[in-house]
Amino acid sequence: MSASNPKTSAEKLNWSPVSWRNFPIRQMPEYPDNEQLDKHFNELKQYPPLVSSWEIQELKAKLARASRGEAFLLQGGDCAETFADCTSEHIVKLLKVLLQMSFIMLHEMNISIVRVGRIAGQYAKPRSNSSERIGALEYPIYRGDIINSYDADEKTRIADSSRLIEAYHKAGLTLNFLRALTEGGGFADLHHPEYWELDFMRKNEYYREYESMVNSITSAIRFMEGILPSELITLRQVDFYTSHEALNLYYDSAQTRKVPHKAGWYNLSTHMPWIGNRTRHPDEAHIEYLRGIENPVGIKVGPPYDLGEIIQIIKKVNPSNEAGKVTLISRFGKKHIEEELPKLIRAVEDEGLDVLYSCDPMHGNTFATGDGIKTRAFNDILFEIRKTFEIHRDMKTILGGIHLEMTGEDVTECVGGANGLSTNGLKNNYKSFCDPRLNYEQSLELAFLVAKEWKKFKTEESN
Ligand code: PEP
Ligand code: CO
């Protein structure tokens, strides 16, 4: 395992933040007005960074620990943030549920939980089709608020580069509020587990265990608050990082900068960009961009994929095999996991590549109901997580994280869970413009079940 090697940085490899523009690119519509695009790109280049290089380095070190089983990555948030979701309520609810999940996991697993939101920049969506029929007309597909508008008319579905600027502003507002909530110590829900809404868990077979865990977290917090001077209560400050899919490379590359006294280039729009399953091609624009930055990066892997290409990508993005640099996020779905994941792990291990293995149990498990509503079943999600733990145990590798599409709101987008949301209930509060998310209750329940699973394998290991 070698440390970060500045020699592998951009200059040596003939890379620049915009070298991706010389490569074929997927999932990016043409902007119709190049002059406007240049204007907005240059404007974005001048704005102050949203995150700092030292936060990015700190996260990379934590992900390295997770790859060794000393910490666990909890990454989650909306499939796609919308500009309209940039509200106090939406942000607080997501932060609250992620913090609660991390407390549950910390309590059960006894290792530090690395919290990374899909937030403050998750505005772009890869799509399977480039257009859709609405009524009698065919429109360009909605690609996320950073590119076009969900409202369908001929104008608003056209890619509009002024949205790059709006995305920056919305991300900045979101981050500013997140920082206030996590650094100021004023976030009451963090200190009062008794505010957690637990009634729904009554229907879960683990309710008693769950309730006693929350009581024990409450006592631990009370105890700490009682004996430590307030400046020393570490709960007053919690670590929270951001991530988004680096899909609209104009946005990410305009915010990719050099920083004083450090080698290399940093994407300062987010801590952890990732590349999606549809854009991870070794000789194309997205991987070209990714290979030049110092941030830790995620790479999604699901069907269809070519094993040789995945190995090539990892080597390209992380030539010095730096720990914490690459998080390999498998998303095979319950149908393919048993056959595909062992092959992927074997290939990565045979090459001696240092990656953090994380599991996205969402994207391989989407299906449409009879009414054509896109959903996911809680049990399928759980199945993929359990299988992933099992496969890693059998192969003597470590599952060090999960990647979820979730929200702190009471939406009805995924079926199942302790409350047994049925397909009939999906219409009650289905809000997502893209993929279905776990709601507040489903997210907490899943965190608890993931922690139980993790413990089960730990206990087997030590026997
Ligand atoms: C996503 O994470 O929202 C997504 C589209 O995932 P994938 O690239 O794995 O399909
Ligand atoms: Co999604």
Side-chain angles (χ1 to χ4, degrees), residues 25-28 73-82 85 94 116-130 141-147 150 167 242-249 251-252 270 272-281 284-287 289-290 297-306 309-310 313 317 326-337 340-341 344 357-368 373-377 380-381 384-385 388 401-407 411 413-414 430-439 442-443:
I25 189 162
R26 297 185 199 219
Q27 297 287 339
M28 271 299 294
L73 167 67
L74 168 63
Q75 185 174 14
D78 294 313
C79 176
E81 289 179 275
T82 63
D85 276 344
L94 181 64
V116 179
R118 290 173 59 116
I119 195 168
Q122 179 48 20
Y123 301 116
K125 290 312 302 164
R127 303 309 302 256
S128 303
N129 302 315
S130 56
I141 198 87
Y142 170 63
R143 291 182 180 276
D145 278 6
I146 198 170
I147 293 183
Y150 188 71
T242 61
S243 66
H244 66 245
E245 179 171 348
L247 186 64
N248 187 330
L249 295 181
Y251 183 76
D252 287 89
T270 188
M272 181 189 186
W274 81 83
I275 294 294
N277 203 42
R278 295 173 181 81
T279 49
R280 45 142 185 80
H281 294 274
E284 296 185 8
H286 287 87
I287 293 300
Y289 169 72
L290 210 65
V297 297
I299 300 171
K300 294 278 204 93
V301 184
Y305 79 110
D306 178 301
E309 276 191 8
I310 303 296
I313 290 166
V317 166
V326 172
T327 299
L328 205 56
I329 309 167
S330 61
R331 32 85 85 219
F332 289 111
K334 65 169 182 177
K335 282 206 200 94
H336 302 289
I337 176 92
E340 299 299 335
L341 184 60
L344 176 66
Y357 293 103
S358 176
C359 167
D360 164 359
M362 314 297 294
H363 286 88
N365 290 313
T366 319
F367 65 94
I373 303 177
K374 227 174 161 187
T375 188
R376 291 161 174 157
D380 295 347
I381 293 166
E384 181 161 355
I385 294 174
T388 304
I402 47 167
H403 182 116
L404 303 172
E405 280 185 347
M406 45 169 285
T407 168
V411 298
E413 297 172 4
C414 291
Y430 196 104
K431 286 193 177 163
S432 175
F433 288 165
C434 294
D435 290 337
R437 300 159 295 176
L438 296 167
N439 62 23
Q442 291 166 332
S443 303

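Note that the structure is predicted; figures quoted are calculated from it, not measured. Because only heavy atoms are used, hydrogens play no part in the values below, and waters and symmetry mates are left out as well, while side chains stay in. Each ligand, and each atom within it, is numbered from 1 in the order the structure gives.
- Judged by distance alone, the side chain of H403 and the main-chain N or O of I329 form no donor-acceptor pair under 3.5 Å.
- Under the 3.5 Å distance criterion, the side-chain polar atoms of E81 are matched with a main-chain donor or acceptor of A120.
- Close approach of ligand 1 to G276 (heavy-atom distance below 4.0 Å) involves ligand atoms 8 (O).
- Of the listed residues (R331, K300, Q75), the one carrying the non-hydrogen atom nearest atom 10 (O) of ligand 1 is R331.
- Among all non-hydrogen protein atoms, the one lying nearest atom 1 (C) of ligand 1 is H363 NE2, 3.0 Å.
- Of all atoms in ligand 1, numbered sequentially from 1 with element shown, those under 4.0 Å from a heavy atom of K125 are 1 (C), 3 (O), 5 (C).
- Protein heavy atom closest to atom 8 (O) of ligand 1, with residue, atom name and distance, is N277 N, 2.8 Å.
- Contact atoms of ligand 1 toward R278: 5 (C), 10 (O) (distance under 4.0 Å to a heavy atom of the residue).
- Partners of A167 by side chain to side chain contact (heavy atoms under 4.5 Å, CB included), not counting sequence neighbours, listed by chain and number: F83, Y123, I146, Y251.
- The Co ion (ligand 2) lies closest to atom OE2 when only the N/O/S atoms of E405 are considered.
- Checked against a 6.0 Å centroid threshold, the rings of H244 and W274 do not count as neighbours.
- Only side-chain heavy atoms of P126 come within less than 4.0 Å of ligand 1; its backbone N, CA, C and O stay farther off.
- Ion pairing between a basic and an acidic side chain is recognised when a charged N comes within 4.0 Å of a carboxylate O; K374 and D435 show such pairing.
- Residue contacts with ligand 1 include E405, since one of its heavy atoms falls under 4.0 Å from the ligand.
- In summary, K431 and E413 do not engage in a salt bridge, as defined by a charged side-chain N under 4.0 Å from a carboxylate O.
- Taking a 4.0 Å cut-off on heavy atoms, G302 fails to register as neighbouring ligand 1.
- Rounded to 10 degrees, the SG-metal-NE2 angle spanning C79 and H363 at the Co ion (ligand 2) equals 170°.
- Closest approach of L438 and S443 over heavy atoms only: CB-OG, 3.6 Å.
- Residues P273 and A246 approach most closely at CB-CB, 4.0 Å, considering heavy atoms.
- Per-residue contacts place R118 under 4.0 angstrom from the following atoms of ligand 1 (heavy atoms of the residue considered): 1 (C), 2 (O), 3 (O).
- Using the six-membered ring where Trp is involved, Y142 and F433 have ring planes that are perpendicular, over 60° apart on the 30 and 60° scheme.
- Its N, O or S atom nearest to the Co ion (ligand 2) is what matters here, and for D435 that atom is OD2.
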